[in-house]
Amino acid sequence: MTVRVRFAPSPTGMFHVGGARSALQNWIFAKQQGGVFVLRIEDTDAARNRPEWTEGILSALDWIGIARGSYEGPYFQSSYAGEHRAAAQRLYEGGRAYYCDCTREDVQARTGPQQRGYDGFCRDRGLGPGEGRALRFRTPDEGETVVVDLVRGEPTFENKLIEDFVIARGDGSPVFLLANVVDDMSMGITHVIRAEEHLPNTPKQQLLWDALGVKPPIWAHVPVVVNEKRQKLSKRRDKVALEAYRDEGYLADAMRNYLMLLGWAPSGDREIVAWSVIEEEFRLDEVNPSPAFFDEKKLRAFNGDYIRALPVADFVEACRPWLTGTDTIAPPPWQPDEFDPAAFAAVAALAQTRIAVLSEIVPNVDFLFLADPLIDEAAWAKAMKEGAAELLDAAIVAFEALESWDAESLKATLEAVGAERGLKLGKAQAPVRVAVTGRTVGLPLFESLDVLGRDRTLTRLRAARVRLV
Ligand code: GLU
């Protein structure tokens, strides 16, 4: 039997990091089993679907390493509405489902507001189909439904506690529970790997598989992803969109490695490992079922490690979208013709060790490309204290006299200028740095001045001096 798994996102506007994690787990499992990965877009909620959101899913998957063309699909759930209706009809005709005309108020009037679920009032009323009548599944009164789950063992549900749930609404449209089962069935899905939040649906879905006469799949409900307060990551509260991480400059390799650590770890005391190791070692039955903490700080540190591990040429290439802007990344503050690739290449290795996400490249190098540096006023106030004007005067004179404009000579010169005033190098650097780069922190100063060049450095020092008058 060929293993067939599916990733079945609903296009809801952004691609949740938890979804990306499930997609990767499906992807790896399929690969390990010599199986097939199917992408199915669950787009039946027409009001909440837009084609660009589907495109967003495809491109986010692509970014994370699940490339278009290397999987089956995308299929669209909305194309199978006929099959969903036919299955509902079959269940009705076989006596496994019945029509019900109760409103929520009717049910509550009978059961009281505390009781949850449907009371079975219409079970034996023999109602036929009709406008406003929902179709409910007749759950067995006895027995248990045992779910075989690779992550959770065998969660067992007593059938008598499962209400007669709706499978088609009053307008005849089948609900998610049924559509999802019918599609999995017709697509020959053997393993359903998805988020824990669907576990409560699973006994109902398994009953539908049984009622439709097909052996249910093996399930794997992977842990919910939570924030530092142990709350489920939510798009209203937390940064959950994979695209947001991508556009901030997380590397796809770092991101997918980190996502796979949510509830699982490779052998040994390792966290950062080659993707091939994860592909080889990952086991669903080793996934910890408890909620997995999505630690953004850790991810950031992780990403910094990945950035530092890049060959410099790859780092230069990886920075490009932030140096030019794209349709989702804001353009940098300089004009395209102000960008100087050679100057960037000259400082790239220095920047590479200092940033944790690629978007941070921009404030580190903007002084090289802008005609005038962007002055951070707080930094200016801090650095341009008493004595700054005299120090800048002396530095200008000393720099003008330099024969060779290189980092070492610049450093020795400013060191001497500072020493004459009883200042350590750090203190002497501050006004120069702010005058030239606009900031108090940044790339090593003398290498920066070297790359910026004599004329531009002196122009900026003089401009700062004028401002101090
Ligand atoms: N479309 C469902 C969701 O986005 C997934 C259902 C499933 O994986 O079975 O949550």
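One-based numbering, in listed order, for ligands and for the atoms of each.
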**Student:** What atoms of ligand 1 come within less than 4.0 Å of a heavy atom belonging to A8?
**Tutor:**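 Those of ligand 1 that fall under 4.0 Å from A8 are 1 (N), 2 (C), 3 (C), 4 (O), 5 (C).
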
**Student:** For atom 1 (N) of ligand 1, which candidate among H221, R40, H16, E42 provides the closest heavy atom?
**Tutor:**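 Nearest option to atom 1 (N) of ligand 1, by heavy atoms: E42.
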
**Student:** Among protein heavy atoms, which sits nearest to atom 7 (C) of ligand 1, and what does the distance come to when rounded to 0.1 Å?
**Tutor:** R6 NH2, 3.3 Å

**Student:** What atoms of ligand 1 come closer than 4.0 angstrom to any heavy atom of S10?
**Tutor:** 1 (N), 2 (C), 3 (C), 4 (O)

**Student:** Between T139 and N159, do the side chains contain a donor N or O and an acceptor N or O under 3.5 Å apart?
**Tutor:**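 No, no side-chain donor-acceptor contact under 3.5 Å.
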
**Student:** Just distances here: any N/O of F176 and N/O of ligand 1 closer than 3.5 Å?
**Tutor:**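 Such a contact does not occur with ligand 1.
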
**Student:** Go through the side-chain N and O atoms of H191 and N26 and say whether any donor and acceptor fall under 3.5 Å apart.
**Tutor:**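 Result is no, nothing qualifies.
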
**Student:** What's the shortest distance from atom 10 (O) of ligand 1 to any protein heavy atom, and which residue and atom give it?
**Tutor:** H198 NE2, 2.9 Å

**Student:** Decide whether T156 and E144 meet the rule of one side-chain donor and one side-chain acceptor closer than 3.5 Å.
**Tutor:**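 Their side chains do not contain a donor-acceptor pair, so the 3.5 Å distance test is not met.
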
**Student:** Parallel, tilted or perpendicular: which one describes the rings of W219 and W209, with boundaries at 30° and 60°?
**Tutor:**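 Ring orientation of W219 relative to W209: perpendicular.
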
**Student:** Cut-off 3.5 Å, side chains only: do T103 and D106 have a donor facing an acceptor?
**Tutor:**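 T103 vs D106: donor-acceptor pair found between side chains.
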
**Student:** Below 30° counts as parallel, above 60° as perpendicular, anything between as tilted: where do the rings of Y245 and Y250 land?
**Tutor:** perpendicular

**Student:** For ligand 1, note which part of N180 has a heavy atom under 4.0 Å away: side chain, backbone, both or neither.
**Tutor:** side chain

